There are 2 protein chains.
Amino acid sequence: MPELPEVETVARSIKKEFLNCKILRVRVTDCRLREPVAVDYPSQIAGGVLQDVSRRGKYLLMRLRHAAASEVLFHLGMSGRMLLTTEFHPHERVRIEFDRGCLVFIDPRRFGFTRAGAHLADSLTLGPDALDISRAQLKAILTGKREIKEVLMMQNRIAGIGNIYASEILFVAGIHPLTPADAVTGQAVYRLQQAIYHVLREAIRLKGSSIADFYYGKAQQGGYQNRFKVYDREGASCITCGTKIIKIRQCGRSTWFCPQCQVR
Amino acid sequence: MPELPEVETVARSIKKEFLNCKILRVRVTDCRLREPVAVDYPSQIAGGVLQDVSRRGKYLLMRLRHAAASEVLFHLGMSGRMLLTTEFHPHERVRIEFDRGCLVFIDPRRFGFTRAGAHLADSLTLGPDALDISRAQLKAILTGKREIKEVLMMQNRIAGIGNIYASEILFVAGIHPLTPADAVTGQAVYRLQQAIYHVLREAIRLKGSSIADFYYGKAQQGGYQNRFKVYDREGASCITCGTKIIKIRQCGRSTWFCPQCQVR
DNA sequence: CCAAGGAACAGAGA
DNA sequence: CTCTCTGTTCCTTG
Ligand SMILES: [Zn+2]
Ligand SMILES: [Zn+2]
């Protein structure tokens with residue numbers, strides 16, 4: 001799950017719980033993530049006071065005062081979660097103990113990572129954030145023969161969209177996922193921009209999608225998984241026209257769409 | 001059971017019984033396998049004459065003449081068996097009636113499948129067959145940090161080895177199952193190649209392993225289950241040094257080994 | 001530069 | 001006793 005809406009949900013829950021709280025202790029239960037957790041990670045952030053929590057694309061950024069490192073960065077990968085709990089979890093990797101409670105990073109598949117330092121956001125080569133990309137910016141990234149589905153997921157062009165929301169957005173925009181990016185022009189650009197905004201906003205409002213055991217904060221579940229229009233609905237009826245939803249393979253990932261409503 | 005030696009045994013028994021025999025009728029008793037049996041499966045192979053029976057990794061391949069489909073492919077999954085019998089079996093899924101008798105595919109757990117068509121073997125992304133992998137080929141697949149036990153079971157790297165023979169082979173080679181694949185070098189590669197060859201050859205000679213009610217052909221049993229050196233022998237004494245055999249969990253499967261004889 | 005595939009990883013589900 | 005799929009990203013190979 002951890003695409004833009006899920007990371008946004010997580011960021012908000014952490015901010016609500018721990019803003020201005022102090023980090024007492026940091027425990028790295030298992031450092032073997034996509035990027036190994038640095039040995040000095042705990043000492044870099046211990047003693048820090050949480051000054052802000054924000055999101056950049058799918059990255060989570062925490063700003064600290066009074067710690068060696070001024071920032072902590074997280075990427076949740078495929079299966080990463082951030083829980084507010086004191087209980088131990090089998091796939092727990094990092095535990096940050098605030099004065100008001102614990103924040104636990106759980107990541108069964110180890111595709112996520114965390115890093116402490118300064119100006120960490122600057123090192124990320126991200127395009128404009130999907131939530132507030134302008135129409136001109138969107139138009140500018142729709143270049144080349146790559147398929148539009150793939151381009152929507154290129155974090156260096158537009159940040160925050162992953163495999164679930166790419167399919168959902170293209171359905172709402174009425175655009176066929178195999179369309180070359182540079183063939184998305186005119187009205188379609190406008191529809192795409194609207195679809196990106198509305199799909200992501202609605203998903204954030206519902207606290208993201210909870211599939212495969214995803215939850216956030218105090219083991220709460222999101223609700224967008226009940227609103228999927230095409231994702232994981234192969235063979236089911238299109239909610240608009242009744243045609244059977246099709247699943248195809250695009251650059252190693254699954255894409256779902258309605259062959260009737262989504263034209264090239 | 002259906003790893004390389006069992007599938008080889010099954011292939012030989014079918015070839016011996018039905019080579020050049022004609023398929024009179026095909027009945028799909030229950031099409032709900034891992035991959036549903038195609039509706040036109042019976043019509044694709046009825047009338048065919050069995051020209052050859054072979055094995056690719058754990059797959060069974062039958063070549064036909066005079067039928068719409070030139071090949072029939074089987075994978076036995078976890079619990080699949082091929083019996084030469086006229087009697088009905090409770091977990092029977094497909095029955096192929098030759099002029100000389102019946103071939104029945106039985107699969108209680110439904111993890112196997114069968115498919116008719118042309119060039120079916122080409123669609124399988126299998127590595128070199130474990131029975132005739134060269135030392136250079138073996139060396140080439142021993143890359144990455146994955147554990148050697150897991151790599152031996154990756155069908156796209158080396159085809160035919162499953163959970164039973166992986167443990168047996170590593171014991172004979174004197175290699176610890178947790179060793180990273182890229183740390184298996186030099187003499188160990190040679191020992192591994194030899195172990196693969198000899199363990200599988202011996203198992204084929206004994207008609208495979210019969211556990212959990214596996215049998216083949218005319219309800220015959222294999223004999224390799226009486227030769228297991230480590231598989232399913234947790235707590236028993238190592239046949240070489242007397243140390244107690246240990247069972248561990250590796251990527252969701254059980255692995256058995258001798259902590260004394262098998263070093264990293 | 002682009003495209004495609006693999007690698008890293010663990011669990012669920014068929 | 002099996003295989004394929006999954007929310008991501010990065011690297012290598014043409
Ligand atoms: Zn439709
Ligand atoms: Zn021993």
Side-chain angles (χ1 to χ4, degrees), chain A residues 1-7 30 32-36 57-59 75-81 90-91 93 106-113 124-125 144-147 150 153-156 161-167 208-214 222 224-225 231-232 247 249-254, chain B residues 1-7 32-36 57-59 75-81 107-113 124-125 143-147 150-151 153-157 161-167 181 208-214 222 224-225 231-232 249-254:
Chain A
M1 335 253 78
E3 301 181 32
L4 186 151
E6 291 75 30
V7 180
D30 191 331
R32 295 170 303 155
L33 300 179
R34 188 178 86 201
E35 168 184 309
K58 303 177 189 174
Y59 290 86
H75 192 288
L76 304 189
M78 222 44 170
S79 58
R81 290 164 241 168
H91 297 292
R93 309 301 179 200
I106 293 158
D107 187 12
R109 293 181 68 181
R110 303 173 189 275
F111 289 171
F113 71 88
L124 308 173
T125 53
K145 296 296 166 208
R146 286 182 133 109
E147 294 156 0
E150 186 187 353
M153 292 173 59
M154 292 175 68
Q155 305 301 306
N156 56 351
I161 300 173
N163 204 43
I164 291 181
Y165 294 103
S167 283
S209 307
S210 284
I211 61 178
D213 201 32
F214 177 83
Y224 200 76
Q225 67 280 5
Y231 178 81
D232 202 22
K247 175 164 103 165
R249 202 94 192 146
Q250 258 180 311
C251 53
R253 314 290 298 271
S254 290
Chain B
M1 354 232 66
E3 300 181 32
L4 187 152
E6 291 75 30
V7 180
R32 296 169 302 158
L33 301 179
R34 187 177 88 203
E35 169 183 308
K58 302 178 189 174
Y59 290 85
H75 192 287
L76 304 188
M78 261 323 233
S79 58
R81 289 162 242 167
D107 188 10
R109 294 183 66 180
R110 303 172 185 278
F111 290 168
F113 71 89
L124 309 173
T125 53
T143 61
K145 297 293 165 214
R146 287 181 134 110
E147 294 156 2
E150 186 189 353
V151 169
M153 293 174 59
M154 292 175 69
Q155 305 301 306
N156 56 349
R157 293 208 191 181
I161 300 173
N163 203 45
I164 291 180
Y165 295 103
S167 283
S209 307
S210 285
I211 61 176
D213 201 31
F214 177 82
Y224 199 77
Q225 66 280 5
Y231 178 81
D232 202 23
R249 201 94 191 142
Q250 254 180 314
C251 54
R253 315 290 296 271
S254 290

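Letters A, B, ... mirror the listed sequences (proteins, then strands); counts begin at 1. Keep in mind that this is a model prediction, so the values were computed, not measured. Just so you know, these numbers use all the heavy atoms, side chains as well, and skip hydrogens, waters and symmetry mates.
- Minimum interatomic distance between A/Arg93 and A/Asp107 (heavy atoms only, all atoms of both residues): NE-O, 3.0 Å.
- Taking side-chain N and O atoms only, A/His75 has no distance below 4.0 Å to OP1 or OP2 of D/dT8.
- Remark: side-chain polar atoms of A/Glu3 are paired, donor with acceptor, to backbone N or O of A/Gly162 under 3.5 angstrom.
- Between atom CD of residue A/Gln155 and atom CD1 of residue A/Ile161 there is a gap of 8.0 Å, rounded to the nearest 0.5 Å.
- For the residue pair B/Phe113 and B/Leu33, the shortest heavy atom distance occurs at CA-CD1, 4.0 Å.
- Not one side-chain nitrogen or oxygen of A/Arg109 sits closer than 4.0 Å to the OP1 or OP2 atom of D/dT6.
- Residue contacts shown for A/Tyr231 are limited to sugar-phosphate atoms, with no base heavy atom under 4.0 Å away.
- As rounded to whole Å, 11 Å separates atom C1' of D/dT8 from atom CZ of A/Phe113.
- The ring of B/Tyr224 has its center closer than 6.0 angstrom to the ring center of B/Tyr165.
- The distance between atom CG of A/Asn156 and atom P of D/dT9, rounded to the nearest whole Å, is 10 Å.
- Nucleic acid contact class of B/Gln155 (heavy atoms, under 4.0 Å, all strands): sugar-phosphate only.
- Taking atom CD of residue A/Glu150 and atom P of nucleotide D/dC10, one finds them 14 Å apart after rounding to whole Å.
- Inter-residue side-chain proximity for A/Arg110 and A/Asp30 is flagged as met; some heavy-atom pair is nearer than 4.5 Å.
- Atom CE in B/Met153 sits about 8 Å away from atom P in D/dC3, given to the nearest Å.
- Of all nucleotides in DNA chain C having an atom under 4.0 Å from a heavy atom of chain A, the first and last in 5' to 3' order are C/dA3 to C/dG11.
- What separates CE of B/Met78 from P of D/dT2 is a distance of 6 Å, to the nearest Å.
- Checking A/Arg32 against B/Arg157, the closest nucleotide of DNA chain C that is more toward the 5' end is the one next to B/Arg157.
- Nucleic acid contact class of B/Arg110 (heavy atoms, under 4.0 Å, all strands): none.
- Using a 4.0 Å cut-off, no side-chain N or O of A/Ser254 falls inside it from OP1 or OP2 of D/dC5.
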Item to check | Pairing annotation in dot-bracket form, given for DNA chain C with Watson-Crick or G-U pairs under 3.5 Å and | for cross-strand partners | outcome: .|||||||.|||||
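- For B/Leu33 and B/Arg146, each mapped to the nucleotide of DNA chain C holding its nearest heavy atom, the one lying further toward the 5' end belongs to B/Arg146.
- Backbone-only engagement by B/Gly162 is indicated by non-hydrogen atom pairs under 4.0 Å involving sugar-phosphate atoms exclusively.
- Not a single salt bridge (Lys or Arg N to Asp or Glu O under 4.0 Å) links A/Glu147 to another residue, sequence neighbours left out.
- Within the 4.5 Å cutoff, no side-chain heavy atoms of A/Pro2 are placed close to those of A/Lys58.
- Put simply, the side chain of A/Gln225 does not reach to within 4.5 Å of the side chain of A/Ile164, judged on heavy atoms.
- Residue B/Lys145 contributes atom NZ, which lies 16 Å from atom C1' of D/dC11 at whole-angstrom precision.
- Atoms CE (B/Met154) and C1' (D/dT2) sit 15 Å apart, rounded to a whole Å.
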